[in-house]
Amino acid sequence: MKKYSVGVIGATGMVGQRFLLLLENHPWFEVRCLAASASSAGKKYRDAIKRWHMSAPLPEKFADMVVMDASADKEKIASSVDFCFCAVNMAKNEIRELEYAYARLECPIVSNNSAHRFTDDVPMIIPEVNPEHSEVIAAQKKRLGTRRGFIAVKSNCSLQSYVPLLHPLKKFGIRSAAVCTYQAISGAGKTFETMPEICDNVIPYIGGEEEKSENEPLKIWGGIENGKIIPAASPVITAQCVRVPVSDGHTAACFVSFEKKPRPEEILKAWADFSGEPQKLNLPSAPKKFIHYFAEDNRPQPALDRNTENGMAVCAGRLREDKLFDYRFIGFSHNTLRGAAGGAVLLAELLAAKGYFN
């Protein structure tokens with residue numbers, strides 16, 4: 001595999017910082033430029049970041065890199081890299097136009113943002129679940145008039161805690177599902193120091209999360225028709241999303257009903273046997289075992305299980321029959337690794353392996 005030159009747009013934020021930790025020694029990707037807002041432009045990276053949020057130290061190889069202006073320096077950035085990761089904190093319409101601008105400059109964008117998740121020719125990919133959606137990129141490039149520029153996005157971070165667990169069960173005919181997600185404060189770009197109101201508290205509302213949790217899975221499970229991704233019509237999903245005093249890791253309490261109710265051992269076998277294209281391709285960031293089931297009644301837990309397979313696995317536990325639905329279980333994933341920067345890096349590896357950056 002050739003070494004690709006990479007840019008990180010939105011490098012000073014929490015997700016941008018996580019990107020840099022993941023890319024510090026990446027075997028395929030070499031960071032060549034860092035970009036952020038105009039207020040950070042021209043500064044060394046160590047001086048541009050207001051707060052380093054990661055537990056691991058700031059990699060020295062990036063500390064003295066000069067931050068570029070993500071908007072004013074688009075042409076220079078686009079011409080200097082093979083593709084960019086994007087994790088900017090801007091209004092959704094501004095993100096949409098910024099990502100389009102880079103794509104039209106022939107710079108592919110792998111986005112952590114939500115602005116293009118429902119653009120019908122932009123693939124929203126969980127690499128183990130719907131890698132085939134990359135095929136819509138050809139139609140997107142035709143619409144944009146580009147040779148190699150395009151946008152691909154990862155899904156909302158909370159989905160990683162339950163959609164990968166529902167996916168292997170679709171063969172039993174999922175009729176409906178209900179999920180309550182208990183989401184860590186890093187999902188809001190916060191720490192306990194910057195979000196003191198979460199201590200000894202639960203906040204029962206996260207703006208836009210329930211709509212994303214109910215609708216994004218349907219696009220992920222949709223099909224491609226005439227160069228567009230058509231969302232699946234089912235299953236019906238209802239969601240409630242809660243912010244909890246946890247640093248990293250989203251937990252999901254999931255309830256599911258089937259057209260043909262499987263036995264518990266069939267569900268456990270479906271999870272144990274499931275792997276996807278990242279595992280077959282042996283991508284650098286892919287977990288060796290995608291789904292980990294814990295038989296203990298008190299697992300998975302964020303404090304114990306968030307770093308399973310370097311934070312890239314999905315964990316499950318407490319599978320039981322339910323009085324209203326057929327079954328209930330607990331799902332869990334690391335929201336800034338599998339759910340954000342790590343998921344985007346894995347998506348980029350998948351696209352690289354398929355030749356989309358060449």
Side-chain angles (χ1 to χ4, degrees), residues 86 92-93 95-97 99-100 103-104 108-146 148-179 181 208-239 241 252 254 256-260 270 274 276-278 314 339 343-344 346-348 350-351 353-356:
C86 188
K92 188 171 290 190
N93 64 312
I95 296 172
R96 188 178 293 114
E97 291 308 311
E99 292 181 344
Y100 268 144
R104 290 189 173 106
I109 291 292
V110 178
S111 179
N112 187 70
N113 304 113
S114 64
H116 277 290
R117 287 185 191 153
F118 283 97
T119 304
D120 55 20
D121 60 4
V122 171
M124 176 170 59
I125 296 175
I126 298 175
E128 286 88 351
V129 173
N130 62 328
E132 71 281 359
H133 278 196
S134 64
E135 295 169 11
V136 83
I137 288 172
Q140 183 195 147
K141 290 195 290 188
K142 184 176 180 180
R143 175 174 65 87
L144 296 177
T146 58
R148 64 184 301 274
F150 64 88
I151 302 163
V153 302
K154 54 157 289 299
S155 67
N156 192 45
C157 56
S158 65
L159 266 65
Q160 317 299 320
S161 60
Y162 62 95
V163 169
L165 299 175
L166 291 174
H167 184 70
L169 309 183
K170 289 181 84 254
K171 63 185 178 182
F172 303 118
I174 297 174
R175 187 170 66 248
S176 60
V179 62
T181 59
E209 286 292 296
E210 284 145 15
E211 293 81 1
K212 295 172 187 175
S213 299
E214 293 170 352
N215 296 322
E216 288 186 18
L218 299 180
K219 182 177 181 181
I220 289 167
W221 287 326
I224 300 174
E225 297 179 17
N226 300 317
K228 298 180 179 180
I229 299 171
I230 308 301
S234 63
V236 175
I237 299 175
T238 185
C241 300
C254 194
V256 58
S257 290
F258 297 94
E259 300 291 345
K260 181 184 178 183
F274 183 74
E277 203 159 339
V314 175
L346 183 61
L347 171 54
L350 176 70
L351 295 172
K354 288 175 171 284
Y356 282 98

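Computed over heavy atoms, backbone and side chain alike; hydrogens, waters and symmetry mates excluded. Note that the numbering runs from 1 along the sequence shown for the chain.
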Identify, with sequence neighbours excluded, every residue that meets side-chain contact (heavy atoms from CB on, under 4.5 Å) alongside [X].
{"X": "S134", "result": "I125, I137, L351, K354, Y356"}
{"X": "E259", "result": "R175"}
{"X": "K92", "result": "R96, S114, A115"}
{"X": "R148", "result": "D82, E106, P108, F357"}

Measuring from [X]:[atom1] to [Y]:[atom2], what's the distance to the nearest 0.5 Å?
{"X": "E277", "Y": "L346", "atom1": "CD", "atom2": "CG", "answer": "10.5 Å"}
{"X": "T119", "Y": "M124", "atom1": "OG1", "atom2": "CE", "answer": "10.0 Å"}
{"X": "I237", "Y": "N215", "atom1": "CD1", "atom2": "CG", "answer": "8.5 Å"}
{"X": "K212", "Y": "E214", "atom1": "NZ", "atom2": "CD", "answer": "13.0 Å"}

All pairs passing salt bridge (Lys or Arg N to Asp or Glu O under 4.0 Å) where residues 109-119 contributes a residue, at least two apart | R117-E216

Pairs satisfying salt bridge (Lys or Arg N to Asp or Glu O under 4.0 Å), at least one member in residues 122-132, at least two apart = E128-R338

Closest non-hydrogen atom pair, [X] against [Y]:
{"X": "I229", "Y": "V122", "answer": "CD1-O, 3.9 Å"}
{"X": "G227", "Y": "D121", "answer": "O-CB, 3.6 Å"}
{"X": "P235", "Y": "I174", "answer": "CB-O, 3.4 Å"}
{"X": "V110", "Y": "A348", "answer": "CG2-CB, 4.2 Å"}
{"X": "V129", "Y": "P164", "answer": "CG2-CA, 4.4 Å"}
{"X": "L144", "Y": "G149", "answer": "CD1-O, 4.4 Å"}

Less than 3.5 Å apart, which donor and acceptor atoms pair up between the side chains of residues 150-160 and the rest of the protein, not counting sequence neighbours?
unit_1, atom_1, unit_2, atom_2, d
K154, NZ, G339, O, 2.7
S155, OG, Q160, NE2, 2.7
N156, ND2, S158, OG, 2.9
N156, ND2, E209, OE1, 3.0
S158, OG, S213, OG, 3.4

Would a 4.5 Å heavy-atom cut-off, applied to side chains only, mark L166 and P217 as touching?
-> no

If you look only at pairs with a residue in residues 217-236, which of them pass as a side-chain hydrogen bond (donor to acceptor under 3.5 Å, both in side chains), with sequence neighbours excluded?
-> H167-W221

Using ring-ring contact (aromatic ring centres under 6.0 Å, His included) as the criterion, list what pairs up with Y100, not counting sequence neighbours.
-> H116

N130: side chain to side chain donor-acceptor pair (under 3.5 Å) partners, not counting sequence neighbours = H133

